[in-house]
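So the structure is just underneath, and the comments pick up after that.
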Amino acid sequence: MTRHGKNCTAGAVYTYHEKKKDTAASGYGTQSIRLGKDAIKDFDCCCLSLQPCRDPVVTPDGFLYEKQAILEYICTRRRKLRRGCFLQAYEKQKQVQKSSSQLESKSSERERVELFKTRENSIVSKPINPFTSGLNRGGDPGRADSSSAAESSSSSSSSASSASSSSSSLSLPSFWVPCLTPEAKPTLLKKPSKTVLCPMSGRAIRMNELISVRFTPLDPSLDRVALLTRQDRYVCAVTRDVLGNSVPCAVLRHSGAVVTQECVDKLIKKDMIDPMTGDKLSDRDIIPLQRGGTGFAASGIDLSAKEARPVMQV
């Protein structure tokens, strides 16, 4: 053991090991955590209900939905757009902003008027007496000196009062003072669109653009309840590879079959023919299926996240 082995604070350098140990003990800093399976949506789950799809449909952008859920969403949004619910809230917000801006303009104009009045009242004009002014210039220099001193003292007092008023008008950046405590402002609404937008991609969505999806089960003899309890449920329609969140998949527009991206690159793109129906395919007929995505993770590809905690600064 070295001379200072028992004294942990003897070193002049704060080592990485000590910093990591103190961070784990005190709870400060940012830690990287790995997301579990519960934080990732399965590839065959609806983006709205987050449940396995009974009758799945996919949008041209590759987002999977339960047919009943997405049709109900489209009908509800169209009904609200016809009633003008979103437009009424937006118009109300515009009226509130307009009235507040008018009040601010009136208050600023009132402040300018008050400032002008104070400046005009501070100007003092005294009538000039030709008889006394001549005497002050030539006959009585002491009186002239006293009058100039009085004028200088009055000007200094006026400048001091203006400086004190300007310093009192400045607001202190003290967030702990009750009158200076920051407050949360309401979220501004955007002008509502007249078309129904996809809840995931934000693009326009129509009923006739939805494509029915047909998953190939791993064991066709199992019913739906028994199939959902299994870890591996579906396979590629061509290669019979097991599908999962870690396997990129694609949907063929004509047949609705789900195949792996590897199958698309190595087999289907060679002749661009749908292996299920024999139809000619184009690039837009091969729709990559979006993976993952819940409130905890943006994508199923990146399974790591950072947990930000308060940082103690020296």
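- Salt-bridge annotation for R230 and D219: absent, with no side-chain N of the basic residue lying under 4.0 Å from a carboxylate O of the acidic one.
- Nearest approach of A69 to L48, heavy atoms of both residues: O-CD1, 3.9 Å.
- In this structure, the separation between CG on D285 and CG on D283 is 8.5 Å, given to the nearest 0.5 Å.
- Side-chain contact between F215 and C53 is absent, with no heavy-atom pair separated by less than 4.5 Å.
- Minimum interatomic distance between V242 and V235 (heavy atoms only, all atoms of both residues): CA-CG1, 4.1 Å.
- Summarising the geometry, atom NE2 belonging to H254 is positioned 9.5 Å from atom CD1 belonging to I286; distances are rounded to the nearest 0.5 Å.
- Without hydrogens or angle criteria, K41 side chain to C46 main chain gives no donor-acceptor distance under 3.5 Å.
- A heavy-atom distance below 4.5 Å is not found between the side chains of E262 and T239.
- The two residues T277 and D279 come nearest to each other via the heavy atoms OG1-OD2, 3.1 Å.
- Hydrophobic clustering of Ile, Leu, Val, Met, Phe, Trp and Tyr side chains at less than 4.5 Å, counting indirect connections, keeps L252 apart from Y234.
- Here the straight-line distance linking atom CG of D42 with atom CG of L243 works out to 12.0 Å at 0.5 Å rounding.
- Criterion: ILVMFWY side-chain heavy atoms under 4.5 Å apart, direct or through other members. Under it, L197 and F63 are not part of a common hydrophobic cluster.
- Under the 4.5 Å side-chain criterion, counting only non-hydrogen atoms from C-beta, I273 is not in contact with I268.
- Crowding of Q68 atom CD: a count of heavy atoms from other residues, nucleotides or ligands under 6.0 Å not exceeding 12.
- Side-chain contact check for C198 versus D61: every heavy-atom pair is 4.5 Å or farther apart.
- Counting heavy atoms of neighbouring residues, nucleotides and ligands inside a 6.0 Å radius, atom NZ of K94 does not exceed 12 of them.
- Linking Ile, Leu, Val, Met, Phe, Trp and Tyr whenever their side-chain heavy atoms come within less than 4.5 Å puts F43 and V213 in one cluster.
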Inset, instruction - Decide yes or no on side-chain contact (heavy atoms from CB on, under 4.5 Å) for I205 and L210, but give the supporting numbers first. - result: CA-CA 8 Å; I205 184 173; L210 300 176; 4.1 Å; yes
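- Between E66 and D55, some side-chain heavy-atom pair lies under the 4.5 Å cut-off.
- Under the 4.5 Å side-chain heavy-atom criterion for ILVMFWY residues, a single connected hydrophobic cluster contains both L71 and V57.
- Within the 4.5 Å cutoff, side-chain heavy atoms of E109 are placed close to those of R112.
- Of all the heavy atoms in A250 and V264, the pair that sits closest is CB-CG2, 4.1 Å.
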Legend entry - side-chain contact (heavy atoms from CB on, under 4.5 Å) between T216 and R240, intermediate numbers included: CA-CA 9 Å; T216 304; R240 301 295 173 177; 3.0 Å; yes
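- The closest side-chain heavy-atom distance from T59 to E209 is not below 4.5 Å.
- The CD atom of Q93 lies 10.0 Å from the CD atom of E91; values are rounded to the nearest 0.5 Å.
- Between the CZ atom of R78 and the OG1 atom of T195 there is a distance of 10.0 Å, given to the nearest 0.5 Å.
- Closest approach of C263 and V238 over heavy atoms only: SG-CB, 3.7 Å.
- With a 4.5 Å cut-off on side-chain heavy atoms, D241 and V247 do not count as touching.
- Here the closest heavy-atom approach between residue L218 and residue P220 is recorded as O-CD, 3.9 Å.
- Residues V259 and M272 share a hydrophobic cluster, clusters being chains of Ile/Leu/Val/Met/Phe/Trp/Tyr side chains in contact below 4.5 Å.
- Taken from SG in C47 to CG in L64, the straight-line distance is 6.5 Å, to the nearest 0.5 Å.
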